[in-house]
Amino acid sequence: MIYSFTPPGVVGVPVLDSPALFPVHRIYCVGRNYEEHAKEMGGPGREAPFFFMKPADSLLYAAPGTTAQMPYPTLTSNLHHEIELVVAIGMGGRHIAAADAHRHIFGYAVGLDMTRRDLQNDMKKAGRPWCIGKGFDHSAPIGAITPAVQAPNIGQATISLGVNGAVRQSSTIAQLIWNVSETIEQLSTAWELQPGDLIYTGTPAGVGAVVAGDVMQGDITGLSGIRVAVAAA
């Protein structure tokens with residue numbers, strides 16, 4: 001096949017203790033999936049799930065034992081952190097029942113849904129899509145993917161984010177409004193899930209701003225944590 005120019009390569013995320021990369025297809029994100037976070041964002045708490053997407057090339061890999069550098073993005077003065085459990089889909093499907101969802105999961109990772117909050121809020125007020133607030137370059141830091149068989153107790157894991165050593169967000173995966181299986185069921189009614197899809201499952205309360213020079217440490221029990229420094233633009 002002949003292309004007008006050389007197409008970009010496949011985005012891959014390393015798999016823990018494996019030479020193989022997980023090839024990324026799409027990135028789905030679940031909005032307001034922790035009750036207290038929904039309330040801090042002005043929502044009622046528990047509500048029906050809704051989704052948005054990030055480009056695959058917005059991923060920023062944070063290798064174990066290293067500090068990834070995230071440039072402070074343009075057009076914003078209010079960059080927010082959101083720590084999340086990321087689910088990696090290994091087998092696709094449509095209309096997947098929650099009871100069968102575990103069969104479609106390849107593994108899990110720690111991720112950050114970085115948000116240009118001022119731009120997102122401006123778009124909300126204008127009734128416009130808020131892709132510009134969510135889908136910018138380097139907006140999806142992620143750690144190594146742990147195969148699902150190595151994380152059997154992920155549903156009871158703790159999730160936390162610290163900034164410069166001070167805890168900002170802390171909760172458990174059990175506090176998700178829509179758990180991982182229910183999220184896969186809902187997503188697969190709207191899109192046919194594909195191998196290589198990533199699902200950022202939602203963030204606990206405590207989101208807040210970071211500035212150049214800040215260092216974020218994200219952890220989920222049983223997974224490879226991530227460390228990300230905000231660099232100057």
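At least one donor-acceptor pair under 3.5 Å links the side chain of N33 to the backbone N or O of W178. Looking only at distances, no side-chain donor or acceptor of R26 sits under 3.5 Å from a matching main-chain atom of G196. Using modelled atom types, no side-chain atom of T115 and backbone atom of R117 make a donor-acceptor pair closer than 3.5 Å. Side-chain N or O atoms of E185 include one that pairs as donor or acceptor with a backbone N or O of A98 at under 3.5 Å. Looking at E192, its side chain never comes within 3.5 Å of a backbone N or O of G93 through a donor-acceptor pair. Looking only at distances, a side-chain donor or acceptor of E182 sits under 3.5 Å from a matching main-chain atom of N179. In this structure, D100 contributes its side chain and A97 its backbone to no donor-acceptor pair below 3.5 Å.
Screening residues 70-102 for ring-ring contact (aromatic ring centres under 6.0 Å, His included), with sequence neighbours left out, gives no hits.
Note that CD1 of I132 and OG of S139 are 12.0 Å apart. Values are rounded to the nearest 0.5 Å. The distance from atom CG of D214 to atom CG of N164, rounded to the nearest 0.5 Å, is 4.5 Å. Annotation: the span from I154 atom CD1 to T201 atom OG1 amounts to 9.0 Å, rounded to 0.5 Å. The CD atom of Q186 sits 12.0 Å away from atom CD1 of I96, with the distance rounded to the nearest 0.5 Å. Atoms CG and CG, from D137 and L59 in turn, are 11.5 Å apart once rounded to the nearest 0.5 Å. The distance from atom CD of Q194 to atom OG of S188, rounded to the nearest 0.5 Å, is 11.5 Å.
Looking at T67 and R227, their side chains do bring a donor and an acceptor atom within 3.5 Å of each other. T172 and T158 are not linked by any side-chain donor-acceptor pair at a separation below 3.5 angstrom, with hydrogens and angles left out of the test. If you check the side chains of S160 and D219, you find no donor sitting under 3.5 Å from an acceptor.
Contact check for P195 versus H25: no side-chain heavy atoms found under the 4.5 Å cut-off. The side-chain heavy atoms of R103 and M91, taken from C-beta on, include a pair separated by under 4.5 Å. L193 places none of its side-chain heavy atoms less than 4.5 Å from the side chain of H104. Residues I173 and Y108 fail the side-chain proximity criterion, which asks for heavy atoms closer than 4.5 Å. I83 has its side chain within reach of L112: a pair of non-hydrogen atoms, C-beta onward, lies under 4.5 Å apart. Looking only at side-chain heavy atoms (C-beta outward), I105 and V180 come within less than 4.5 Å of each other. Within the 4.5 Å cutoff, the side chain of Q169 has heavy atoms near those of the T203 side chain. Between I142 and V110, every side-chain heavy-atom pair lies at or beyond the 4.5 Å cut-off.
I226 and V13 fall into different hydrophobic clusters, where Ile, Leu, Val, Met, Phe, Trp and Tyr are joined by side-chain heavy atoms under 4.5 Å apart, directly or via other members. The same ILVMFWY cluster, assembled from side-chain heavy atoms under 4.5 Å apart, contains both I159 and L223. Under a hydrophobic-cluster definition in which Ile, Leu, Val, Met, Phe, Trp and Tyr are linked whenever side-chain heavy atoms come within less than 4.5 Å, directly or via other members, I89 and V15 are assigned to different clusters. Under the 4.5 Å side-chain heavy-atom criterion for ILVMFWY residues, no single connected hydrophobic cluster contains both M70 and Y200. Under the 4.5 Å side-chain heavy-atom criterion for grouping Ile, Leu, Val, Met, Phe, Trp and Tyr, L79 is not connected to L119 through any hydrophobic cluster.
A151 and T146 make their closest contact through CB-CG2, 4.4 Å (heavy atoms, listed as atom of the first residue, atom of the second, distance). Across all their heavy atoms, A157 and I220 have their closest contact at CB-CG2, 3.8 Å. Taking every heavy atom of both residues into account, P73 and T76 meet most closely at O-CG2, 3.6 Å. The two residues S224 and L16 have their closest heavy-atom pair at CB-CD1, 4.3 Å. Shortest non-hydrogen contact noted between Q69 and L60 is O-CD2, 3.8 Å. Between A144 and P64, the closest heavy-atom pair is CB-CG, 4.3 Å.
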(request) Begin with the C-alpha distance, continue with both residues' side-chain angles, and end with the deciding distance and a verdict on side chain to side chain contact (heavy atoms under 4.5 Å, CB included) for S58 and F136. (result) CA-CA 6 Å; S58 68; F136 53 93; over 6 Å; no
(request) Could you walk me through whether N153 and T221 pass the side chain to side chain contact (heavy atoms under 4.5 Å, CB included) test, one step at a time? (result) CA-CA 9 Å; N153 299 314; T221 308; over 6 Å; no
(request) Test L187 against I199 for side chain to side chain contact (heavy atoms under 4.5 Å, CB included), laying out the working first. (result) CA-CA 9 Å; L187 265 177; I199 305 170; 3.5 Å; yes
(message) Before you tell me yes or no, could you show the steps for L75 and R116 under side chain to side chain contact (heavy atoms under 4.5 Å, CB included), namely the whole-Å CA-CA distance, both residues' side-chain angles and the distance that decides it to 0.1 Å?
(response) CA-CA 8 Å; L75 303 179; R116 294 194 279 205; 4.2 Å; yes
(message) ring-ring contact (aromatic ring centres under 6.0 Å, His included), that's the test. Do F106 and F22 meet it? Break it down for me.
(response) CA-CA 9 Å; F106 175 87; F22 179 88; 5.3 Å; yes
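Remark: D113 pairs with K54, K134 by the salt bridge (charged side-chain N to carboxylate O under 4.0 Å, His left out) rule, at least two apart or across chains.
Taking the six-membered ring for Trp and thresholds of 30 and 60 degrees, W191 and F51 have ring planes more than 60 degrees apart, a perpendicular arrangement. Ring geometry for F50 against W130 counts as perpendicular: the plane angle is over 60°, on a 0 to 90° scale with 30° as the lower cut.
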